**Q** 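Structure incoming, see below.
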Amino acid sequence: MFVRCLLVIVLGLLLSGCGREEPIRIGFIGGLSDRNSDVGQSGQKGVILAIEQANRTGGIHGRRIELVSRDDAQDRETSVRSARELAEAKVTAVIGPFTSGVAAAVVPTLAYHGILAVSPTLTSMDFYGKDDNLVRINRSTRDNAGDYAKVLYGRGQRRIAIAFDVRNRSFTESWLAEFRHAFVALGGRLVAEVAYESAANADFAGVVTSMLVGGPDGLFFISGALDVARLAQQARRLAPALPLGASEWAATEQLIELGGQMVEGLVIVQNYDRYDESVRFRQFREAYFKRFQMNPGYSAVSAYDAASVLLQALARRQDGESVKAAVLRHGPYQGLQQQIRFDANGDTPRQVFFAEVRDGRFARIPLTPLKPGAAGR
């Protein structure tokens, strides 16, 4: 009698499980803590919104999508551990990482487990033109730095001093090398290249003092938003008349929140048009604000695009097809503002827009928008 009852219970459990498919797990890895965490936090919100919207319309072929998030803490050891945890969670693919320094550790770790990384923001040439387990939603440092060189030179700057954060060395040194090449080719000169490591107790006054030794006519920072705000504060104290610029890494809302009057006039690039009033972008912006009570920044836009690409590719993926093959085969994809088209290595162009901080907001510089790859060499 006991055996019969046990069989009935087991059969009931098996039957109750029929029709219940495991969710499709998507991983997320980004800097959710430590310095410059605004990029990762904003990116995570963009992914959350995309997945929630997909689940409301049935997920992927009726299967619910589950997000598994891990913090890389912008630290190599932490990021490797987080990547391994995502592999143990059996995620189908990972959205992230967001910084090149972390990617150098995370991408090979994910590759070991056969997991594709879809990065919303990576630009370093270290990851360009490689047939690996990475696809990127962003353009390269070569494109961005080349366009910056033309814009700054066109605004009359000929002698620029640069400070760069070696904590994200893969990005900052790649960006610096590309900018140096393009700026010198135009006839400009870099009069200082000051390396520093981002930290709460970093000597930002000393960094700016070193930048000023060569007599620059412009100061430029290849750093995150928090550091740029602090560097700008010292620059306004030591050389208030010099124009300021910063790389796209700092193009978050935190730059204006922390920098205030100190970042007025600073030139920076945006990889999206924040003033776009198209139906698609307006609906996204409103949904994002309703969900998180804030406006989206560049990493939220790029991460939403990354999630949209991945979810569409998974929905069209054929049996036995790798995730990367599906991503490459089913493009181009319609992003929030522009088409996303990958080459065979998973690299993509992207249109950008230059802005200047005016009256506490990012105001578009009245230039013709630079086309994808316009400064490519």
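These numbers come from a predicted model, not from an experiment. Excluded from the calculations below are hydrogen atoms, water molecules and symmetry mates; all remaining heavy atoms, backbone and side chain alike, are included.
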**Q** Do Val352 and Phe171 share a hydrophobic cluster, counting only Ile, Leu, Val, Met, Phe, Trp and Tyr and linking them when any side-chain heavy atoms are less than 4.5 Å apart?
**A**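 They do share one cluster, since a chain of ILVMFWY contacts under 4.5 Å joins Val352 to Phe171.
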
**Q** Does any donor atom in the side chain of Arg237 or Gln234 lie under 3.5 Å from an acceptor atom in the other side chain?
**A**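 On atom types as modelled, these side chains qualify, holding a pair under 3.5 Å.
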
**Q** Should the pair Arg291-Glu52 be classified as a salt bridge under the 4.0 Å nitrogen-to-oxygen rule?
**A**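 Answer for the salt bridge query: yes.
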
**Q** So do the side chains of Leu310 and Val323 get within less than 4.5 Å of each other, counting heavy atoms only?
**A**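 Answer yes - side chains close enough.
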
**Q** Would you mind reporting whether Arg76 and Val102 have side-chain heavy atoms less than 4.5 Å apart?
**A**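 Val102 does not reach Arg76 side chain to side chain.
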
**Q** For Gln270 and Arg274, does a side-chain donor sit closer than 3.5 Å to a side-chain acceptor?
**A**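 Arg274 and Gln270 do have a side-chain donor-acceptor pair below 3.5 Å.
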
**Q** Hydrogens and angles aside, do Gln44 and Ser69 bring a side-chain donor and acceptor to less than 3.5 Å of each other?
**A**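 A pair is found: one side chain offers a donor N or O, the other an acceptor, under 3.5 Å apart.
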
**Q** With a 4.0 Å cut-off, would you call Glu321 and Arg317 a salt bridge?
**A**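 The answer is no: the pair does not qualify as a salt bridge.
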
**Q** In terms of side-chain heavy atoms, does Ser82 have a donor or acceptor partner in Asp72 at a distance below 3.5 Å?
**A**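 No, no side-chain donor-acceptor pair sits under 3.5 Å.
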
**Q** Side chain of Thr78, backbone of Gln74: donor and acceptor closer than 3.5 Å?
**A**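 No.
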
**Q** Is the side chain of Arg64 donor-acceptor paired with the backbone N or O of Asn55 at a distance under 3.5 Å, no angle test?
**A**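 No, because the side chain of Arg64 does not come within donor-acceptor range (under 3.5 Å) of the backbone of Asn55.
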
**Q** Assess the residue pair Glu85 and Arg81 against the criterion (side chain to side chain contact (heavy atoms under 4.5 Å, CB included)); give the C-alpha distance rounded to whole Å, side-chain angles, the decisive distance to 0.1 Å, and a yes or no.
**A** CA-CA 6 Å; Glu85 290 174 0; Arg81 182 168 62 252; 3.8 Å; yes

**Q** Side chains of Asp203 and Tyr196: donor-acceptor distance under 3.5 Å anywhere?
**A**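 Not at all, the side chains of Asp203 and Tyr196 share no donor-acceptor pair under 3.5 Å.
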
**Q** Could you note down all residue pairs passing ring-ring contact (aromatic ring centres under 6.0 Å, His included) where residues 32-71 supplies at least one of them, sequence neighbours left out?
**A**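 Non-adjacent pairs meeting ring-ring contact (aromatic ring centres under 6.0 Å, His included): zero.
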
**Q** Heavy-atom count check: over 12 atoms from other residues, nucleotides or ligands less than 6.0 Å from Tyr275 OH?
**A**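 Counting other residues, nucleotides and ligands, OH of Tyr275 exceeds 12 neighbours.
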
**Q** Between Lys130 and Asp126 (side chain of the first, backbone of the second, donor and acceptor by atom type, cut-off under 3.5 Å), is there such a pair?
**A**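 Yes: the side chain of Lys130 pairs with the backbone of Asp126.
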
**Q** Just checking, any donor-acceptor pair under 3.5 angstrom between side chains of Ser223 and Asp165?
**A**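 There is no such pair between these side chains.
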
**Q** Among Asp38, Leu226, Asp227, Leu266, whose side chain to side chain contact (heavy atoms under 4.5 Å, CB included) with Leu255 holds?
**A**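 Single pass found, and it is Leu266.
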
**Q** Do Glu178 and Leu176 come close enough that some side-chain heavy atom pair is under 4.5 Å?
**A**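 Not touching, per the 4.5 Å side-chain cut-off.
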
**Q** Any side-chain donor-acceptor pair under 3.5 Å between Glu253 and Tyr298?
**A**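 No donor-acceptor contact under 3.5 Å links the two side chains.
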
**Q** With the side chain counted from C-beta on, respond yes when Phe342 and Asp347 share a heavy-atom pair under 4.5 Å apart, and no when they do not.
**A**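 They are not in contact (no side-chain heavy atoms under 4.5 Å apart), so the answer is no.
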
**Q** Scan side-chain atoms only and decide if Asp273 and Gln337 contain a donor-acceptor pair under the 3.5 Å cut-off.
**A**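 Checked: Asp273/Gln337 side chains show no N/O donor-acceptor pair below 3.5 Å.
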
**Q** Under a 4.5 Å side-chain heavy-atom rule over Ile, Leu, Val, Met, Phe, Trp and Tyr, are Val68 and Leu32 clustered together?
**A**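 Not linked; separate clusters.
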
**Q** What is the minimum heavy-atom distance between Leu219 and Ala235, and which atoms define it?
**A**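 Smallest heavy-atom distance, with atoms named: CD1-CB, 3.8 Å.
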
**Q** Where do Ser299 and Val39 come nearest, in terms of heavy atoms and distance?
**A**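 Scanning both residues completely, I find the closest heavy atoms to be OG-O, 2.8 Å.
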
**Q** Is the Phe284 ring parallel, tilted or perpendicular to the Tyr288 ring (thresholds 30°, 60°)?
**A**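 Tilted: the ring planes of Phe284 and Tyr288 meet at 30° to 60°.
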
**Q** Decide whether Arg341 and Gln339 meet the rule of one side-chain donor and one side-chain acceptor closer than 3.5 Å.
**A**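 Indeed, the side chains of Arg341 and Gln339 share at least one donor-acceptor pair under 3.5 Å.
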
**Q** Carefully, step by step, assess Tyr272 and Asp305 under the rule side chain to side chain contact (heavy atoms under 4.5 Å, CB included).
**A** CA-CA 11 Å; Tyr272 75 107; Asp305 276 352; over 6 Å; no

**Q** Do other residues, nucleotides or ligands put more than 12 heavy atoms under 6.0 Å from Glu277 CD?
**A**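 Counting other residues, nucleotides and ligands, CD of Glu277 exceeds 12 neighbours.
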
**Q** Ignoring hydrogens, what is the shortest heavy-atom contact between Ser100 and Thr123? Give both atom names and the distance.
**A**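 For Ser100 and Thr123, the tightest heavy-atom pair comes out as OG-N, 4.3 Å.
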
**Q** Do Ser119 and Asn138 have side-chain N/O donor and acceptor atoms under 3.5 Å apart?
**A**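 No, Asn138 and Ser119 have no side-chain donor paired with an acceptor closer than 3.5 Å.
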
**Q** Can you name the closest pair of heavy atoms from Gly360 and Glu264 and give their distance?
**A**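 Shortest heavy-atom contact: N-OE2, 2.8 Å.
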
**Q** Does the side chain of Arg139 pick up a donor-acceptor pair with the side chain of Asn271 at under 3.5 Å?
**A**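 The criterion, which ignores hydrogens and geometry beyond distance, is not satisfied for Asn271 and Arg139.
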
**Q** Short question: side chain of His330, backbone of Gln312 - any donor-acceptor pair under 3.5 Å?
**A**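 The answer is no, because no donor-acceptor pair under 3.5 Å joins these two groups.
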
**Q** If you look at every heavy atom in Ala306 and Ile137, which pair is closest and at what distance?
**A**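 Residues Ala306 and Ile137, closest heavy atoms: CB-CG1, 3.6 Å.
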
**Q** Determine whether Val80 and Val106 make a side-chain contact, defined as any pair of heavy atoms from C-beta on separated by less than 4.5 Å.
**A**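 Counting from C-beta outward, Val80 and Val106 never come under 4.5 Å.
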
**Q** Assess the side chains of Gln157 and Asp217: does a donor N or O sit below 3.5 Å from an acceptor N or O?
**A**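 The criterion, which ignores hydrogens and geometry beyond distance, is not satisfied for Asp217 and Gln157.
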
**Q** Please check if atom OH in Tyr153 has more than 12 non-hydrogen atoms from other residues, nucleotides or ligands closer than 6.0 Å.
**A**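 Yes, the 6.0 Å shell around OH holds more than 12 heavy atoms from other groups.
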
**Q** When the ring centroid of Phe220 is compared with that of Tyr148, is the distance short of 6.0 Å?
**A**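 So the answer is yes for these two rings.
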
**Q** Under 6.0 Å between the ring centres of Phe362 and Phe353?
**A**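 Aromatic pair excluded; centres sit 6.0 Å or further apart.
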
**Q** Out of curiosity, Trp175 CH2 to Phe164 CZ, how far, rounded to the nearest 0.5 Å?
**A**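 Going from the CH2 atom of Trp175 to the CZ atom of Phe164 covers 12.5 Å.
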
**Q** Looking only at non-hydrogen atoms, find the nearest pair between Arg159 and Gly215 and report the distance.
**A**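 Taking Arg159 first and Gly215 second, the nearest heavy atoms are NE-O, 3.1 Å.
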
